[in-house]
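Whatever order the structure lists ligands and atoms in, that order sets their numbers, starting from 1. Nothing here was measured: the structure is a model prediction, and the numbers come from that model.
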Amino acid sequence: MNKTLFTFLATAAFVPFCFTAGSAQAQQQVQNIAVQVSKPTAEVQPTMWGLFFEDINFAADGGLYAELVKNRSFEFDKPLMGWKEVKQNGTGTVLVINRTAAKEANPRFARLKVNAENGAYGLVNEGFRGIGIEQGKQYNFSVLARQQGDENLKMKVALVNRKGEKLGEAELGGLTPEWKKHTVSFKATATEPKAGFQVLLQGKGTADLDMVSLFPQDTWKNRPNGLRKDLVQLLADMKPGFLRFPGGCIVEGKDLANRYQWKKTVGDVEDRTLIMNRWNVEFSHRNAPDYFQSYGLGFYEYFQLAEDLGAEPLPILNCGMACQYNTGEVVAMEELDPYLQDALDLIEFANGPVTSKWGKLRADMGHPKPFDLKLLGIGNEQWDEQYMERYRVFEDVLKKQHPEIKLISTSGPSSDGPRFDYLWKELKNSKADYVDEHYYKSPEWFQQNAARYDNYDRTGPKVFAGEYAAHGKDDKDSESRNTWYSALSEAAFMTGLERNADVVHMASYAPLLAHVEAWQWRPDMIWFDNLRAVGTPNYHVQKLFGANSGTHVVPVVSNGVAVTGQDSLYASSTIDRNTNEVIMKLVNTSKSVKPVNVNLEGATIQKRTANLQVLKAANPMDYNTLDKPQVVAPTARKQNFSGNTVALKLEPQSVTVVKVPCKKLNIQMVRQ
Ligand code: AHR
């Protein structure tokens, strides 16, 4: 038993209290809790609750990036994957041509020889597990094309259902012997989650096609070739403090050749070199042979997304090491320079003047204003000396040339153990600003570790709880690992992150997004298919904390002791200097109602009503699905004060956020 728990049990004074639960009468004990509103102990960093984005589970291509055509540039390993021939009273052949010397970044295109004077010949694309379209919405087609001679080939594009019935179509003429971008926009006549997209040619002759693309017009902020609006909206609703991108293991790659190289993800989309997504082959039980990275969602788009969300951009770069679970390949120390140069150039891309090489590219892409990059991650889940050796090179140079940039280093993939201890020890002696910690653990671990940071060293680097999720059991649905019990356990743990906001400066659940038919890893925070998206119970917990972060931590005590899980109750509280509110988070992990009297010590309450948001479920194993998205969702309530005390009945296995508007709050920090 730990010391805190022992002290609590030894001194706790319970007051008997009667309440009615359904028809059953039960004797419960009221626990007195004090929120020491006038004793703020730490600032809550604006970055505290953020987002971890990784292109896993079809989160980018087939997900957030709204492109509907899979393998649009014929660059997959199997160049015609996702495509099939279509013959409608016509014949033809398709040949994939590689012109590496002429176009290294995107060498392949499809050559269609067509004999269809009274019909059509072409290709149909299957999309990412189908193409989701909505009736009445506009779709924008574009293609790079040329014809060989002066034949008068006509191009017809159409969305079709499984029966081959057309759900929207358009026609294009005017193919020229030179490559040219052709575009046309048309309306979908029906809603269909699994449409196909036909690109057909009429006439006789030869046409070359590349970058065959179809986007909904209705994207986030109506940006052409942009992001899926419903998914970004869910992220925006969370009010994230930072956006970490592009992952995760994807940064490292299976080997160094497969690593993420940001320079290949910027500039014109047709010049971004597609590579295999490492999650394509990572898990034999969840193989995804059609998983590649087109980089249509690249570093520019990530920065732009962070800006849209009001979140600090937090790019993570490869540090010269491939995934140590895979090849573990490392670059020779004497060849580390290009990796370091990538970091320096990225800072220039994000923050440099438009007269600089990379700043100019940013401006040419549409953002002359700097992105105001302040945070940079060096490596993902690396471990042992080979990491420190490489990290130090980055640190030496970056701290000298860019002291304004805070560096994120890693403690490896485990939450403890010799590798973790080694890296923390080394990093404490370095100039690392943040150390990234990851924990994918059981729900019970999360409940038991709510006090993890209570005794952490306050003098070393700050903590970035960069990837965490409670992993429990699953059922038949893809979404079924995202149970209420897992979310409740994370909430209990998160009260500990908030209480220790002086040492924990950033935290993010992982992974963020998953396609219900194309995932590799679960649980995940948001599930989607081609037309719908659902926030899991874990999403709601994250949102409750993120949208109610406050600006300063204040102690929550029972009998003078922090509430860290004694008698299954977890609590933390902040105050908000801007809105003059006290914001408490109370987590009851027990199976019974918990009556508590919460006293706001030192506060002058403005209205005698507290605003409550309660998150709970009928059953701890409940989860949300695309078909039943509201099984676990917060409900709003109100509760009156008596003096400075509000009496709450915390429901069994529930999270309650309590907001109390106050008169001017004292923000004089108290030394701990
Ligand atoms: O979030 C999924 C993976 O978990 C990340 O890519 C990696 O960093 C961790 O092991």
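- Under a 4.0 Å criterion applied to the non-hydrogen atoms of E381, ligand 1 contributes the atoms 7 (C), 8 (O), 9 (C), 10 (O).
- The N/O atoms of C249, backbone and side chain alike, include one that comes under 3.5 Å of an N/O atom in ligand 1.
- With ligand atoms numbered from 1 in the order given, ligand 1 contributes 6 (O) to contacts under 4.0 Å with heavy atoms of W279.
- Each of the atoms 1 (O), 3 (C), 4 (O), 5 (C), 7 (C), 8 (O), 9 (C) of ligand 1 lies under 4.0 Å from some heavy atom of E467.
- Residues F464 and Y434 place their aromatic rings such that the two centres sit no closer than 6.0 Å.
- The one candidate from F493, Y509, F420 that meets the ring-ring contact (aromatic ring centres under 6.0 Å, His included) condition with Y439 is F493.
- The distance between the ring centers of Y65 and F128 does not fall below 6.0 angstrom.
- Residue Y440 places a heavy atom less than 4.0 Å from ligand 1.
- If you look at W519 and F283, their ring centroids are not closer than 6.0 Å.
- Each of the atoms 7 (C), 8 (O) of ligand 1 lies under 4.0 Å from some heavy atom of N380.
- Note: F528 and H515 meet the aromatic proximity criterion, with ring centroids under 6.0 Å apart.
- With a 6.0 Å cutoff to the six-membered ring centre and a 45° limit on the axis angle, K264 does not count as a cation-pi contact of Y295.
- Heavy-atom contacts of P511 reach the following atoms of ligand 1: 1 (O), 2 (C) (cutoff under 4.0 Å).
- Heavy atoms of G247 come nearer than 4.0 angstrom to ligand 1 in no pair at all.
- Counting heavy atoms closer than 4.0 Å to ligand 1, residue I250 contributes nothing at all.
- Only one option out of F245, F242, W262, Y260 pairs with Y302 in a ring-ring contact (aromatic ring centres under 6.0 Å, His included); it is F245.
- Relative to the six-membered ring of Y339, R390 misses at least one condition, a distance below 6.0 Å or an angle of at most 45° to the axis.
- With hydrogens left out, the protein atom closest to atom 6 (O) of ligand 1 is E54 OE1, 2.5 Å, a heavy atom.
- Not a single heavy atom of Y509 lies less than 4.0 angstrom from ligand 1.
- Applying the 4.0 Å criterion to heavy atoms of W521 picks out, from ligand 1, the atoms 2 (C), 3 (C), 4 (O).
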